[in-house]
Participant: 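If you scroll down you'll find the structure; I have some questions about it.
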Amino acid sequence: MILSDSFSINVQILVHPMSPKIASMKNKLFIIAGALVVTGAAAAGTLYAYWDQAVPAVGMVINYFRSWSAPSGTTTTELAAASKDAGTVALSAPAAALLPNATAGNWPSYNKTLTSERYSQLSQINTKNVSKLKVLCIYDTKQYTGFEAGLIMMNDALIGATEHDIFSLDPANCHENWRTSEDYKPATLQGVNRGAAYMNGLLFRGTQDGRVLAYDFKTGKRIWETTIADPKLGETAPAAPIAWNGLVFIGNAGGDNKGVKGRMYALDAKTGKIVWEFYLVPKIDGDPIRGPQGATPLDMSTWKNASGTPITGGATWTSYTLDPVTGQLYVPGGNPAPDFATGPREGENLYSGAIVVLDAKTGAYKNHFKRVPKDWHDWDVSTAPALIQTKGGKKLLSVAPKDGHLYGFDLATNTMLYRTPVTRIENADAPFATGKAVHFCPGTLGGAEWNGPAYDPYTNLILIGEVDWCTTVTLQNDEQIQEVKPGKPWSGMATINPYHTYGTPDSFGNWAGWIYAVDAETGIWKWRLKSNYPIESGMTPTAGGIAFFGDMGGNFYVLDAANGQRLWGQKIGGAIGGGVITYIANGAQKVAVATGFTSILWPTEVVTGKIVILGLGDASASQ
């Protein structure tokens, strides 16, 4: 296996008369070299035969050494000039609607509410006492996995999920109530699941072989299963579903694989029956039909594909947003493919790279917001958008794609109010060409990945965590692009290194993370924080005047939500790429964090996935 495309050996040969002794030594060296070649060939053959097992294993070893001497976490906060003049962001008393309600102590969905603001009305932990925050207990999944689940807490049970398992914990002390394991072969090499949904005594989750499963909330017993994707084509269902009005909403992932089309589904929560199916890119004759089709105006006019080039992309893989007042479902759509080559797929490529709005009950198309007009950087619109009622009275759609910007749309007029850069943007307009290396930022692993914006109604600020990590891409020629088989990764990247299929990222440590606090009305940033590690976790502002988040170095932080100043920080485990939630357990506010994100694509510390619970209470609880 070649681990670097730039690896080369320069050999200089000097010819001298050889003595018999040197000749004998040379013969021995030839014998040894021959043995090494034979051994290497055998090893290569074994590696090829067990490719799927080898790639994650080798990636883990590489990441182990990369992260061996990883630096401690650091942060720097900067106030915008206007905010410096004003001293801080002005706060006002919360409106009645913001006061704690009967459900304030729970975290019932991926982004807490169906509208995805991620704001908690809890204030027991606040700016005055957060310095006393402590780790109370730790639950170890004992799995090396891409642990980025969005945790939920309902009815005194904390729910988490991995690629194979779903489990229930006591939210106060990490005691395991039950754990159910699913034995199946994943369709991809990335072990990941982004969490479960809850409704009416049932839990719902997707799997990496394209199924949706339902479980009894109290016992973990499986109730039903429904297949929504084809694992033979690399299709999966890693997204965190959401549930509403007797329906469960989830889509398929895999849109980077040749011929895979993104689709969205509503399932009957009691039976798992598919209520409707919606193709997020054009459906043609011969495409599978798994349920009644949602009405759509989409046709082939925005996909001017070359002959023999299948429409590919538009898949979903994070979570979703729903307005329970209007009954409209907001679906973030992934990139088109081949990712880096636009020649085979001229046109706007609708509805890839867009937020698609559907009637949640029928699956009928209502609207779309196309945020990446033409994508050749793998800049998915991946995160669930937030539906926000601003202090100024606007109903706002807040969107943070992988392109490194925060977008605000006025939903009364469907017009864009602002497009604010929130991470490093470089070389974004440079075209890709065969044989030419192009370096751009944010890279394919940059921007906002699977956790989107959060909204603090006290400060009227939108908070977004971002990845500052760039990528270099060299485009394949047309013949190489076309010869990829259906169901295989179809990026268009010229490489034989499996870890660089989606571009060559900058070296380990040549990265950063950002948090931007942006005025919800104007899109102007008020403060920003830079971390020496990327930020992928959920952002969680609270009525205590603080905001929780973590970084990919395993550092967990608490900020003053008004000015971004760090109030508390500590390394609590491996990379924090998943949920950061807060809730009430035994009458006290707690914070639960998913740590230990391990992936072949991310050079993070190699540790098992864990849930860490923090609070102000006694830290002597069992760990």
Participant: Does any N or O in the side chain of Thr180 come within less than 3.5 Å of the main-chain N or O of Gly220, such that one atom is a donor and the other an acceptor?
Facilitator: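 Pair found, side chain donor or acceptor close to backbone of Gly220.
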Participant: Determine, stepwise, if the pair Asn111 / Tyr119 fulfils side-chain hydrogen bond (donor to acceptor under 3.5 Å, both in side chains).
Facilitator: CA-CA 9 Å; Asn111 283 317; Tyr119 174 76; over 6 Å; no
Participant: So which atom in Thr471 and which in Gly443 form the shortest heavy-atom distance, rounded to 0.1 Å?
Facilitator: OG1-CA, 3.2 Å
Participant: Would you say that Asp165 contacts Thr141 through its side chain, given a criterion of any heavy-atom pair below 4.5 Å between the two side chains?
Facilitator: no
Participant: With the threshold set at 4.0 Å, does a side-chain nitrogen-carboxylate oxygen contact exist between Glu117 and Lys112?
Facilitator: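 Salt bridge between Glu117 and Lys112, a charged N being under 4.0 Å from a carboxylate O: no.
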Participant: Donor-acceptor pair, distance only, cut-off 3.5 Å: does the side chain of Tyr516 make one with the backbone of Thr420?
Facilitator: no
Participant: Going through the checks in order, is the side-chain hydrogen bond (donor to acceptor under 3.5 Å, both in side chains) test met by Glu176 and Tyr139?
Facilitator: CA-CA 8 Å; Glu176 182 180 291; Tyr139 177 79; 2.5 Å; yes
Participant: Is there a side-chain contact (heavy atoms from CB on, under 4.5 Å) between Val591 and Ile581? Walk through the geometry before answering.
Facilitator: CA-CA 6 Å; Val591 183; Ile581 71 171; over 6 Å; no
Participant: Flag this pair as yes if the NZ/CZ of Arg118 is under 6.0 angstrom from the six-membered ring centre of Phe548 and inside a 45 degree cone about the axis; otherwise no.
Facilitator: no
Participant: Are the side chains of Ile515 and Ile464 in touch, meaning some heavy atoms are under 4.5 Å apart?
Facilitator: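 No - every pair of side-chain heavy atoms lies 4.5 Å or more apart.
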Participant: Using a 4.5 Å cut-off on heavy atoms from C-beta on, say whether the side chain of Val558 contacts that of Phe549.
Facilitator: no
Participant: Between Asn177 and Ser168, is any side-chain donor less than 3.5 angstrom from a side-chain acceptor?
Facilitator: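 Per modelled atom types, Asn177 and Ser168 side chains form a pair under 3.5 Å.
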Participant: Are the side chain of Asp551 and the backbone of Gly553 linked by a donor-acceptor contact shorter than 3.5 Å?
Facilitator: yes
Participant: Check step by step if side-chain contact (heavy atoms from CB on, under 4.5 Å) holds for Leu614 and Val593.
Facilitator: CA-CA 8 Å; Leu614 303 95; Val593 184; 3.9 Å; yes
Participant: Do the side chains of Arg222 and Glu182 get close enough for a salt bridge, i.e. N-O under 4.0 angstrom?
Facilitator: yes
Participant: Between Trp376 and Phe432, what is the ring plane arrangement, given parallel below 30°, perpendicular above 60°, and tilted in between?
Facilitator: perpendicular
Participant: Using 0.5 Å steps for rounding, measure from the CZ atom of Phe340 to the CG atom of Asp375.
Facilitator: 9.0 Å
Participant: Apply the side chain to side chain donor-acceptor pair (under 3.5 Å) test between Trp317 and each candidate in Asp380, Asp256, Thr236, Asn252; give the one that qualifies.
Facilitator: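 Checked Asp380, Asp256, Thr236, Asn252 against Trp317; only one passes side chain to side chain donor-acceptor pair (under 3.5 Å): Asp380.
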Participant: If we count only N and O atoms by modelled type, under 3.5 Å, do the side chains of Gln589 and Thr582 hold a donor and an acceptor together?
Facilitator: yes
Participant: Working to the nearest 0.5 Å, report the span between OG of Ser131 and CH2 of Trp568.
Facilitator: 11.0 Å
Participant: Taking C-beta and beyond as the side chain, do Met552 and Glu536 meet within less than 4.5 Å on heavy atoms?
Facilitator: yes
Participant: Working to the nearest 0.5 Å, report the span between SG of Cys470 and CG of Asn427.
Facilitator: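 Cys470 atom SG to Asn427 atom CG measures 9.5 Å (nearest 0.5 Å).
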Participant: Measure across Thr318 and Pro332 and return the closest heavy-atom pair with its distance rounded to 0.1 Å.
Facilitator: OG1-CG, 4.1 Å
Participant: Is it true that Glu466 and Arg528 have a side-chain N and a carboxylate O under 4.0 angstrom from each other?
Facilitator: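 No.
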Participant: Can you give me the closest heavy-atom contact between His377 and Thr444, atom names plus distance?
Facilitator: O-CG2, 3.4 Å
Participant: Under the criterion ring pair (Phe, Tyr, Trp, His ring centres under 6.0 Å), which of Tyr144, Trp450, Phe147 is the partner of Phe597?
Facilitator: Trp450
Participant: Could you tell me which non-hydrogen atom of Pro489 sits nearest to which non-hydrogen atom of Thr501, and how far apart they are?
Facilitator: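 Looking at all heavy atoms of both residues, the shortest contact is CB-CG2, 4.1 Å.
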Participant: Do the charged groups of Lys185 and Asp209 touch, with an N to O distance under 4.0 Å?
Facilitator: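 No.
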Participant: Starting at CG of Asn555, measure out to CZ of Arg566 and round the result to the nearest 0.5 Å.
Facilitator: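 One gets 8.0 Å once the value is rounded to the nearest 0.5 Å.
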Participant: Could you tell me the separation between the CD1 atom of Ile613 and the CD1 atom of Ile611, rounded to the nearest 0.5 Å?
Facilitator: 7.0 Å
Participant: Ignoring hydrogens and angles, tell me if any N or O in the side chain of Thr472 forms a donor-acceptor pair with the backbone of His439 under 3.5 Å.
Facilitator: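 Not confirmed, Thr472 side chain does not pair with His439 backbone.
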Participant: With no hydrogens and no angle check, is any side-chain donor or acceptor of Asn129 less than 3.5 Å from a backbone partner on Lys132?
Facilitator: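 It does not hold such a pair.
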Participant: Establish, yes or no, whether a centroid distance under 6.0 Å links the rings of Phe217 and Phe204.
Facilitator: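 Between Phe204 and Phe217, which both carry aromatic rings, the centre distance is not below 6.0 Å.
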Participant: Evaluate the side-chain proximity of Val399 to Val381: yes if any heavy-atom separation is below 4.5 Å, no if none is.
Facilitator: yes
Participant: What's the spacing between Trp490 CH2 and Gln476 CD if we round to 0.5 Å?
Facilitator: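 Going from the CH2 atom of Trp490 to the CD atom of Gln476 covers 10.5 Å.
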Participant: Between Leu463 and Ala547, which heavy-atom pair has the shortest distance, and what is it?
Facilitator: CD1-CB, 3.9 Å
Participant: Test side-chain contact (heavy atoms from CB on, under 4.5 Å) on Ser319 and Ile242; report intermediate values, then the result.
Facilitator: CA-CA 7 Å; Ser319 193; Ile242 61 172; 3.8 Å; yes
Participant: Between the main-chain N or O of Thr162 and the side-chain N or O of Arg205, is there a donor-acceptor pair closer than 3.5 Å?
Facilitator: yes
Participant: May I ask you to check whether Trp525 and Trp514 place their ring centres under 6.0 Å from each other?
Facilitator: no
Participant: Out of Thr127, Leu529, Val130, which residue meets the side-chain contact (heavy atoms from CB on, under 4.5 Å) rule with Leu559?
Facilitator: Leu529
Participant: If we only count heavy atoms from C-beta on, is the Leu567 to Ile546 side-chain gap below 4.5 Å?
Facilitator: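 A side-chain contact under 4.5 Å exists here.
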Participant: Is Lys402 reaching over with its side chain to a backbone N or O of Ser382, donor-acceptor style, under 3.5 angstrom?
Facilitator: no
Participant: Quick one: does Ser116's side chain get under 4.5 Å of Tyr455's, heavy atoms only?
Facilitator: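 A side-chain contact under 4.5 Å is absent here.
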Participant: Is there a donor-acceptor contact under 3.5 Å from the side chain of Asp156 to the main chain of Asp170?
Facilitator: no
Participant: Step by step, work out the side-chain contact (heavy atoms from CB on, under 4.5 Å) result for Thr474 and Thr495.
Facilitator: CA-CA 8 Å; Thr474 303; Thr495 183; over 6 Å; no
Participant: Is the shortest heavy-atom distance from the side chain of Ile572 to the side chain of Val135 under 4.5 Å?
Facilitator: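 SC-SC contact between Ile572 and Val135 confirmed.
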Participant: Taking Asn193 for its side chain and Gly206 for its backbone only, find out whether a donor-acceptor pair lies under 3.5 Å.
Facilitator: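 Yes: the side chain of Asn193 pairs with the backbone of Gly206.
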Participant: Quick check against the 3.5 Å criterion: does Trp107 have a side-chain atom that pairs as donor or acceptor with the backbone of Met154?
Facilitator: no
Participant: If you take all heavy atoms of Tyr583 and Ala592, which pair is closest and at what distance?
Facilitator: CE2-CB, 3.7 Å
Participant: Could you check whether atom NZ of Lys530 has more than 12 heavy atoms from other residues, nucleotides or ligands sitting under 6.0 Å from it?
Facilitator: no
